[in-house]
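Structure first, commentary second.
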Amino acid sequence: MPLSRLNAEQRSAATAPSGYNLIIASAGTGKTSTIVARIAHLLNHGTQPSKILLLTFTNKAAAEMLERVGVFFDKSITSQIESGTFHAVSYRLLKKLGRNIVLKQPKDLKILLKSIHDRRRFDHIDSSVKAYSAAYLYDLFSLYQNSTVTQSFTEWLESNDSEHGLFFDIYEDIFEEFQALKREFGYVDFNDLLILMRDTLKTTDTLSFDEVLIDEYQDTNTLQGSLIDAFHSKSLFCVGDYDQSIYAFNGANIDIIGSFATRYPNANVFTLNKNYRSSHKILSLANRVIEKNPRLYEKRLEVTRDGTFEAPKLLIYDELFSQYQAISTLIKHSMHAPADIAVIFRNNSTADGIEATLREQGIACKRKGGISFFDSAEVKAMLDLVGVVVNPKDMMAFIHSFEYARGVGSSLSKELFDGLFKLGNGNIYQGFFNPRDDVEDIFKKRAKNHQLGLFDDIIDLGSVSRFYNFGFEELFLSNPILKHPKLTTDGAKFLHQFYKFMKHATRIKTPQSLINHVLSSEVFSAIAEVLAIKRTIKKDGTIDEKLKAEARARIFRKGHLLKDLASGYASSERFLNALTLGSNEMSEGEGVNLLSIHASKGLEFKEVYVIDLMDGRFPNRKLMQKGGSLEEERRLFYVATTRAKDMLILSYAKYDKIKKISYTHSPFLVEAGMVH
DNA sequence: GGAACGTCTCTTTTT
DNA sequence: GAGACGTTCC
C-alpha cells in the first residue's frame, strides 16, 4: 500500500480526518506520493471513488497520480475518480449535465473581440492616454474575471487603473456586446467554463463530492477558489507551497493559501519538511534566495539525500549564442540520458536559440507546447472545417476557413457569415440548404450610434448572373448569399466548394470519419493547394511542381495523423474540446527537455540548466513595471533551481549581438552567493 | 474610399 | 508567428 512508504509527516497528512486540510509541501518533499496515499486512504476507508474530486494543474499530472493509485486498485475503481484541471473537470461535469459547450481558444476570441473593438471610436474622447487594444483588453478582462468575484469590470478597473476612466463606458459596452455575441454563437472560453460550472453548482445538488483534493494550491486564483467553495465539500485536501506561487499574472492569489487556516473552520495545517529530490548544495542555494521573500509559514527543510554531488556551477559567456552553443556541447557530453536533462528559462523566446544550437549539434530535444502539430495551418484548417460542422453557428471557424479563399478577406468573410447566419435563422447549414426567402435586408447592418462609437452603413445587392456558367449547383445558385456585391468569382467558387463539403458532412457521426470527409473534400484540397504554393514559392514567383507536390503530401499526411488521433473520441464535439483543453500538454518526440519555468512546475530532472540569467530578462524588468513583483520573480528562480536532483548549472551571457544589448548578471545570482 | 494583400517589428508566464 | 503598418488593387 502506498501509505507504508511514507514518512511520519506525510502519513499524518495522508491519513488526516475529513475536514479542511492544508498541506504545505516544499519543493521535492513528496507531495505527489502524499496525494496518491491520501486517495488510497480514502478508498480504503469506504469513500466511493466517484465521490472523490482531484484537481491538478495539468491533465497529465492527474493522469500520473491516478496511474500510481492504479497500482493498488483496480482500474474500474480509479477510472471513477473525477480528475483533471479545473477546466477539464468543469467541462466534463457540465457535459454530464447536458450542457452544450463550444470551447474556444483565447486567440480566436481575441479576434472576435477585436471585430467589436474595431467598430468603436475613441478619437472623440480627449485624453492623454491611448485606449487599450482589443488583445490587451481581452487579457485585462480575463485577469479581472480570475481576480475578483464581487466587483464589476468597471469597479475593478477603477481600483487598478483610473487613468482610463474616460474609456470605461466604451470598454463596458464592448464587453456587453462581446458576451452577447458569445452567447449567440454558443462560445465559451476558459473563464466562462469555470463561471458556468460555479453558477450551475448553485442550482443543482446532483454533483457532490466527499473530498476535493487540490494540487498546486498556491496557484489557485479567486475564481478557482470560488469554484472550490461552490462544491460545498465537507472535506478539502489542499497541497501547495507559497514559495512556488508563480501565476499572479493569472490572478493567483497567495492570500488563498495564506489565509486558509482562518477562512475554514477547524482547519488543519500539515508541513512536509523532508526533501527527497535535490542534493544538499542545490537545496541550500535555492533556500538562500527564497529566504529573501517574506515567510508565510515557518519552514525548515531537511536534506535526505546522501552521497557526493557536484556543487552548482555558474557559467558566464560573452555572447548569447556562445552561451547556447557551449550549453549544447555540455549536454552532448553529459553522462545523463537526454530525458533526464532539462534546460529551463524565464522567457520562451530563449527556447528558439537553444533549440537551434542543440539541433546543430545533432541533439534531440522536445519543447512543451512549442510550434507543434496543432499549431500548423493545415491542422487548424481541418479543425475549423470540423468546427463549422459541429457548430453551424461557429463564426470564427467559418472565417478562418475562408482565409484561404482568394478574393475574400476578413471583412467579406464576416459579411458572408452574417448573411448565411441570417438566412438560416442562426444556423449556417440552414443558411446554405434551407435559406429564408423573405430576407430583403440580409446585408443590412446595425444602426448608427455615434455616442458609443458605432458606425456602419448599408450596401447594395449584386447580381447572381455573374456566376452563371461556372457549373455551380442549381440550389446553390438560387441562394441569396450570392447577391453579395463584393463576392468575386474566386470567392464564389470557394463558397461553392464549402457548400458541397457541408452538404454531406452533417450526418457524419464520428470525428474520424468527419476528418476523412474533410480530406476528400474540394475545399480542403483548395486550402492544401494554397498552403503548398505558399510553402514552395520562390522569391522570383516561380514554383517547383515537384516540391509543391511534396508539400501537399506532407499536409495530407498530417491529416491522416489527425484522423488517427480522433479515433478515440465518440463525437466530434468532444474531440474538438479535448484538444482545446489539453493539446499543448502533448509534446512530441524524445530528447532533452526545453521548458519555461512555468512549464517546469512539478517536474524534476537529474541535470538542470537554468540559462539566460541576466538582469532585465530574469527578473523580467519589463513585467515588473506592469505590476509584476520581485517576490514573484524570486519564486520563479526558486522553482527553476529546485527542479534539479543531482546537477544544477546556471548561466548567463554578457551581450546579445542581435539585439545589441549588454547585460549584467541577475541579482538572484548574488543572492544565491554565486556572484559577489 | 475601402478592402485585400504584402512587409516589417516585437515577442511573459497558462488553462 | 502574430500584429501593426504600408502598398496595391478594385
Side-chain angles (χ1 to χ4, degrees), chain A residues 55-62 84-91 103-107 110-111 114 118 133-136 139 142-143 145-146 188-194 216 219-221 223-224 227 245-252 344-353 368-372 375-377 380 402-403 405-415 457 459 485-488 490-491 530 534 537 539 541 577-585 595-602 612 616-628 632-633 635-636 639-640 658-659:
Chain A
L55 295 167
T56 54
F57 219 74
T58 64
N59 293 306
K60 203 174 150 202
T85 60
F86 281 90
H87 299 90
V89 164
S90 297
Y91 172 71
L103 190 56
K104 281 278 149 189
Q105 297 278 11
K107 205 197 281 165
K110 275 184 189 174
I111 299 170
K114 188 169 186 294
D118 281 350
S133 70
Y136 190 73
D139 290 335
S142 176
L143 182 60
Q145 287 185 307
N146 279 294
V188 168
D189 69 10
F190 287 124
N191 297 338
D192 295 330
L193 210 49
L194 303 191
E216 310 284 5
D219 286 320
T220 303
N221 62 39
L223 173 57
Q224 290 164 337
L227 179 55
S245 175
I246 53 174
Y247 279 80
F249 70 88
N250 195 34
I344 300 178
F345 33 80
R346 174 67 181 90
N347 308 317
N348 254 324
S349 54
T350 296
D352 295 332
K368 194 189 160 190
I371 20 146
S372 71
D375 290 322
S376 70
K380 278 187 187 155
F402 276 75
E403 271 170 31
R406 262 195 298 169
V408 183
S410 58
S411 84
L412 179 55
S413 65
K414 169 96 184 350
E415 282 171 23
D457 40 25
I459 46 184
K486 301 265 174 68
L487 196 60
T488 61
D490 281 334
V530 174
K534 205 170 135 196
I537 195 159
K539 280 200 181 112
N577 287 330
L579 291 185
T580 312
L581 284 165
S583 72
N584 59 358
E585 285 180 30
L595 300 160
S596 70
I597 299 174
H598 288 88
S600 78
K601 180 162 106 155
D612 280 348
R617 288 182 70 141
F618 192 8
N620 191 320
R621 299 276 175 198
K622 225 184 229 168
L623 285 190
M624 285 169 61
Q625 285 167 2
K626 283 200 227 160
E632 176 108 345
E633 297 286 317
R635 286 192 290 269
L636 279 158
V639 169
I658 296 170
K659 287 187 182 158

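In the text below, chain A, chain B and the rest are named by the order of the sequence lines, each starting its count at 1. Here the structure is a predicted model, which is why all the values come from computation and not from measurement.
Contact between the side-chain N/O atoms of A:Lys107 and the OP1/OP2 oxygens of C:dA2 is found at a separation under 4.0 Å. Dashed line: the shortest gap from a side-chain N or O of A:Thr580 to OP1 or OP2 of B:dT15 is not under 4.0 Å.
Under the 4.5 Å side-chain criterion, counting only non-hydrogen atoms from C-beta, A:Leu581 is in contact with A:Leu193.
Summarising the geometry, the separation between CD on A:Glu632 and C1' on B:dT13 is reported as 9 Å, rounded to the nearest angstrom. Distance, A:Phe249 CZ to B:dT13 C1': 4 Å, rounded to whole Å. When rounded to the nearest whole Å, the span between OH of A:Tyr136 and C1' of C:dG3 equals 17 Å. Whole-Å rounding puts the A:Leu636 CG to B:dT14 C1' distance at 13 Å. One atom, CD of A:Gln224, and another, C1' of B:dT14, lie 10 Å apart when rounded to the nearest Å. Summarising the geometry, the separation between NZ on A:Lys60 and P on B:dT14 is reported as 14 Å, rounded to the nearest angstrom. The distance between atom CG of A:Asp139 and atom C1' of B:dT13, rounded to the nearest whole Å, is 11 Å. The interatomic distance linking A:Asn250 (CG) with B:dT15 (C1') rounds to 7 Å, in whole Å.
For A:Ala377, the side-chain contact (heavy atoms from CB on, under 4.5 Å) partners at least two apart in sequence or on another chain are A:Tyr404, A:Leu531, A:Arg535. Every residue two or more places apart in sequence or in another chain that forms a side-chain hydrogen bond (donor to acceptor under 3.5 Å, both in side chains) with A:Asn191 is listed here: A:Ser142, A:Gln145, A:Asn146. Listed by chain and number, the residues in a salt bridge (Lys or Arg N to Asp or Glu O under 4.0 Å) with A:Lys601 are A:Glu216, A:Asp219 (sequence neighbours excluded). The side-chain hydrogen bond (donor to acceptor under 3.5 Å, both in side chains) test applied to A:Lys107 returns no partner, not counting sequence neighbours. Remark: A:Asp139 engages A:Lys110 in a side-chain hydrogen bond (donor to acceptor under 3.5 Å, both in side chains) (not counting sequence neighbours). Every residue meeting the ring-ring contact (aromatic ring centres under 6.0 Å, His included) condition with A:His87, not counting sequence neighbours, appears here in chain and number order: A:Phe190. Among residues two or more places apart in sequence or in another chain, the salt bridge (Lys or Arg N to Asp or Glu O under 4.0 Å) test is passed with A:Lys114 by A:Asp118.
Contact annotation for A:Lys380: backbone-only contact, meaning every heavy-atom pair under 4.0 Å involves sugar-phosphate atoms and none involves a base. A:Phe86 comes within 4.0 angstrom of nothing in the nucleic acid, heavy atoms only. Residue A:Lys114 is in sugar-phosphate contact alone, with no base atom involved, counting any heavy-atom pair closer than 4.0 Å across all strands shown.
Here the nucleotide nearest the side chain of A:Arg346, chosen from B:dT15, B:dA3, B:dT12, is B:dT12. Comparing C:dA4, B:dT12, B:dT14 by their closest approach to the side chain of A:Asn347 singles out B:dT12. Here the side chain of A:Thr85 is nearest to one of B:dT14, B:dT15, B:dT12, namely B:dT15.
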Expected rows: protein N/O vs nucleotides 5-10 of chain C N/O, under 3.5 Å:
none

Self-check item: Reading 5' to 3' through nucleotides 4-11 of chain B, protein heavy-atom contacts under 4.0 Å coded B for base, S for sugar-phosphate only, - for none
Solution: SS-----S

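Summarising the geometry, atom OG1 belonging to A:Thr85 is positioned 8.5 Å from atom CG belonging to A:Leu55; distances are rounded to the nearest 0.5 Å.
Using modelled atom types, one finds no donor on one side chain facing an acceptor on the other under 3.5 Å when comparing A:Asn347 with A:Asp612.
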